[in-house]
2 protein chains.
Amino acid sequence: MTYSNKEQFYLAVDCVIFGFDNDCLKLLLYKRDFEPEKGKWSLMGGFLRNEETLDEAAHRVLARITGLRDIYLEQLGAFSELNRDPAARVVSIGYFALINIHDYNVNLLKQYGAEWFGINELPALIFDHADIVDKSLRRLKRKAKNQPIGFELLPDHFTITQLRNLYEAIYQSKLDPANFRRKILSMDLLDRLPIKDMNSSRKGSFLYAFNQAKYDRLTAMGFSFDISGL
Amino acid sequence: MTYSNKEQFYLAVDCVIFGFDNDCLKLLLYKRDFEPEKGKWSLMGGFLRNEETLDEAAHRVLARITGLRDIYLEQLGAFSELNRDPAARVVSIGYFALINIHDYNVNLLKQYGAEWFGINELPALIFDHADIVDKSLRRLKRKAKNQPIGFELLPDHFTITQLRNLYEAIYQSKLDPANFRRKILSMDLLDRLPIKDMNSSRKGSFLYAFNQAKYDRLTAMGFSFDISGL
DNA sequence: CCAAAAGTGTTCCAATTACACCCATGC
DNA sequence: GCATGGGTGTAATTGGAACACTTTTGG
């Protein structure tokens, strides 16, 4: 082998899984089921295998705990501090995933001892997983401004108020309801459904759906999503 | 070993090295000096070693070809397609570096057969290095809007026109000289030196220096660099 | 004096902000 | 009827875009 004098490394993926529960941004964590640090709270992770890419490994890991395929998934970067895992030199590739919090397989979650934690109420995490969470939060805040990824965290049908609550949870700040509504609707990315959600108010509020085709068409014409300011 | 049933991988770093030569953004490439693909144009790279982090490996690689330490360096992400390197399964971590193009060690460059190429005149590259270059260009364009990293590509003292030329090279579009000057100076990040550069015009133009301390102070107060629009 | 780049002034327009106000309905 | 969140209207302000104009000095 050409590179046989070079060293080799264990490669892992660790996934930061975001969900949104009406007014609070949450992370899915599980109790690690092998040594070292068995029983401690951890990101969902796994080792890379020879026959797969890193993206495939991350999807495999996500499917194992949530039962979901076709999840929004994005690579964060590599974490390579020498003693991040005390048992061996392991380089980990962080990923962050956005899922609809009501969409997962409850049985799998129970089986793995997984739980949702509010972003401000996280338990202690093993290794450098808190760093990975930090980085993914920063990434989420940045990307949510310039790309319509927030919708990945909502059900297919949602009210403008729910969408605003999501952005308020991500940026931990209040947004003006009137201006937010106008700005979002002015982009013409949402279809208003002929259905009202009657739970949130007497008057009821219309449900909307994100229209990916419209977004793609506008993007091709030079449009770019932007909710900065607000 | 706890993980002894897991597979291991070669890990490499590959560096996209940017420079700016008055009106053109350039990349530093070299002729690969080992098999496979020996003699072909390649990003500067190297294998990760046991005793170093990925960032350290990237700095080591950069110092080898440029002689420079303390370079602006940022991780791009991991590239893990199965056959990206036909000789073996190698996962590569891409980096991008910004250097002052007049600051490198000419002898080292000669020794490695390295050359600067205009960003629009790149030769064919080995493996997936063109993908890594693409990604770093997109990253540079994004980051240069929101962080004052452009200065890494300029000499310590520069004119406003040189700075504008740099942004015009990055975004491949013309900027209004009057508005650009006002916007940059209004941020109050530059110190005007009592020196004029007399080469560019009869009147001469003042030299400026980026003031990192001012930037840090403003940033701490909630300021954020932004040259979007223009 | 003139060319050419540096640098200043000014107008116009569109987007953001802040907040007042109207609407529909279950109780 | 009235409280509540949904939704619309609007005046004031800001900041970007465009471009005319002034400055300086080597030839």
Side-chain angles (χ1 to χ4, degrees), chain A residues 22-23 144-146 148 154-155 157-169 171 173-209 218 221-230, chain B residues 22-23 144-146 154-155 157-209 218 222-230:
Chain A
N22 268 312
D23 58 6
K145 277 196 230 279
N146 305 312
L154 291 175
H157 303 156
F158 50 86
T159 66
I160 300 294
T161 302
Q162 282 179 287
L163 184 61
R164 178 168 48 81
N165 285 340
L166 169 62
Y167 280 103
E168 290 181 344
Y171 296 109
S173 70
K174 289 289 168 195
L175 303 176
D176 182 296
N179 295 334
F180 180 82
R181 153 178 270 98
R182 253 191 302 264
K183 176 120 184 183
I184 290 291
L185 292 179
S186 74
M187 293 183 193
D188 196 28
L189 297 175
L190 304 184
D191 295 328
R192 193 175 86 177
L193 308 176
I195 312 167
K196 279 197 168 191
D197 168 20
M198 300 308 290
N199 296 316
S200 55
S201 76
R202 306 287 152 83
K203 185 179 176 181
S205 57
F206 280 105
L207 290 172
Y208 290 81
L218 287 169
M221 298 170 74
F223 163 84
S224 69
F225 185 85
D226 180 11
I227 60 146
S228 61
L230 284 176
Chain B
N22 267 313
D23 57 7
K145 275 196 229 280
N146 305 311
L154 291 176
H157 303 156
F158 50 86
T159 66
I160 300 293
T161 302
Q162 282 179 288
L163 184 61
R164 177 167 49 81
N165 286 340
L166 169 62
Y167 280 104
E168 290 181 341
I170 293 176
Y171 296 109
Q172 312 247 351
S173 70
K174 288 289 168 197
L175 303 175
D176 182 294
N179 294 333
F180 180 82
R181 153 179 265 96
R182 253 191 302 266
K183 176 120 184 183
I184 290 291
L185 292 178
S186 73
M187 293 183 193
D188 196 26
L189 297 175
L190 302 185
D191 295 329
R192 193 176 86 176
L193 307 176
I195 311 167
K196 280 196 166 191
D197 169 19
M198 300 308 290
N199 296 316
S200 57
S201 76
R202 305 285 152 84
K203 185 179 177 182
S205 57
F206 280 106
L207 291 171
Y208 290 81
L218 287 170
F223 162 85
S224 67
F225 186 85
D226 181 10
I227 60 144
S228 60
L230 284 176

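All values below were derived from every heavy atom in this structure, side-chain atoms included, with hydrogens, water molecules and symmetry-related copies excluded. Just so we're on the same page: letters track the sequence lines, and every chain starts at 1. For clarity, every value in this text was computed on a predicted model and none was experimentally measured.
Atom pair A:Lys174:NZ and C:dT17:P shows a separation of 17 Å (rounding to whole Å applied). Atom P of nucleotide C:dC27 and atom CG of A:Asn199 are separated by 12 Å, given to the nearest angstrom. In this structure, A:Phe180 atom CZ and C:dT17 atom P are separated by 13 Å, rounded to whole Å. Put simply, CD1 on A:Ile227 is 12 Å from P on C:dT17, counting in whole angstrom units. Atom CG in B:Asp197 sits roughly 18 Å away from atom P in C:dA4 (whole-Å rounding). In this entry the distance linking CG of B:Asp176 with P of D:dA20 reads 11 Å, nearest Å. Here C:dC23 presents its C1' atom at 12 Å from CE of A:Met198, a figure rounded to the nearest Å. The separation between A:Lys183 atom NZ and D:dT8 atom P is 18 Å, rounded to whole Å.
For D:dG9, the base has a donor-acceptor partner in the side chain of A:Arg182 [N/O atoms by modelled type, under 3.5 angstrom].
Taking five base pairs at each end of the helix from C:dC1-D:dG27 to C:dC27-D:dG1 and finding the rotation axis that steps the C1' atoms of four pairs onto the next four gives two axes whose angle is 20°, to the nearest 10°.
Side-chain contact between A:Leu218 and A:Met187 is absent, with no heavy-atom pair separated by less than 4.5 Å. A:Asp197 has its side chain out of reach of A:His157: every pair of non-hydrogen atoms, C-beta onward, lies at least 4.5 Å apart.
Partners of B:Arg181 by salt bridge (Lys or Arg N to Asp or Glu O under 4.0 Å), not counting sequence neighbours: none found. Taking the side-chain hydrogen bond (donor to acceptor under 3.5 Å, both in side chains) definition, one finds that A:Arg192 meets it with nothing, sequence neighbours left out. Here A:Asp188 pairs with A:Lys214 under the salt bridge (Lys or Arg N to Asp or Glu O under 4.0 Å) rule; sequence neighbours left out.
The residue among B:Leu185 and A:Asn179 whose nearest nucleotide of DNA chain C is located toward the 5' end is B:Leu185.
Between B:Tyr208 and the choices B:Leu185, B:Leu193, B:Leu189, B:Thr159, the side-chain contact (heavy atoms from CB on, under 4.5 Å) rule is met once, by B:Leu185.
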Apply side-chain contact (heavy atoms from CB on, under 4.5 Å) to the pair A:Ile160 and A:Leu190, showing each step before the final yes or no. CA-CA 10 Å; A:Ile160 300 294; A:Leu190 304 184; 3.9 Å; yes
Walk me through whether B:Asn165 and B:Asn22 qualify under side-chain contact (heavy atoms from CB on, under 4.5 Å). CA-CA 7 Å; B:Asn165 286 340; B:Asn22 267 313; 5.9 Å; no
Using a cut-off of under 3.5 Å, enumerate the N/O to N/O pairs linking the protein to nucleotides 5-7 of chain D.
residue	atom	partner	partner atom	Å
D:dG6	OP1	A:Thr161	OG1	2.9
D:dG6	OP2	A:Thr161	OG1	3.3
D:dG6	N2	A:Lys203	NZ	3.3
D:dG6	N3	A:Lys203	NZ	3.0
D:dG7	OP1	A:Phe206	N	3.2
D:dG7	OP2	A:Arg181	NH2	2.1
D:dG7	O5'	A:Arg181	NH2	3.0

Between protein and nucleotides 11-13 of chain C, what N or O pairs are separated by less than 3.5 Å?
none

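Closest approach of B:Phe225 to B:Ala144, counting heavy atoms only: CE2-O, 3.6 Å.
Atom CD1 of B:Ile184 and atom OH of B:Tyr167 lie 5.5 Å apart (nearest 0.5 Å). To the nearest 0.5 angstrom, B:Arg164 atom CZ is 11.0 Å from B:Asn179 atom CG.
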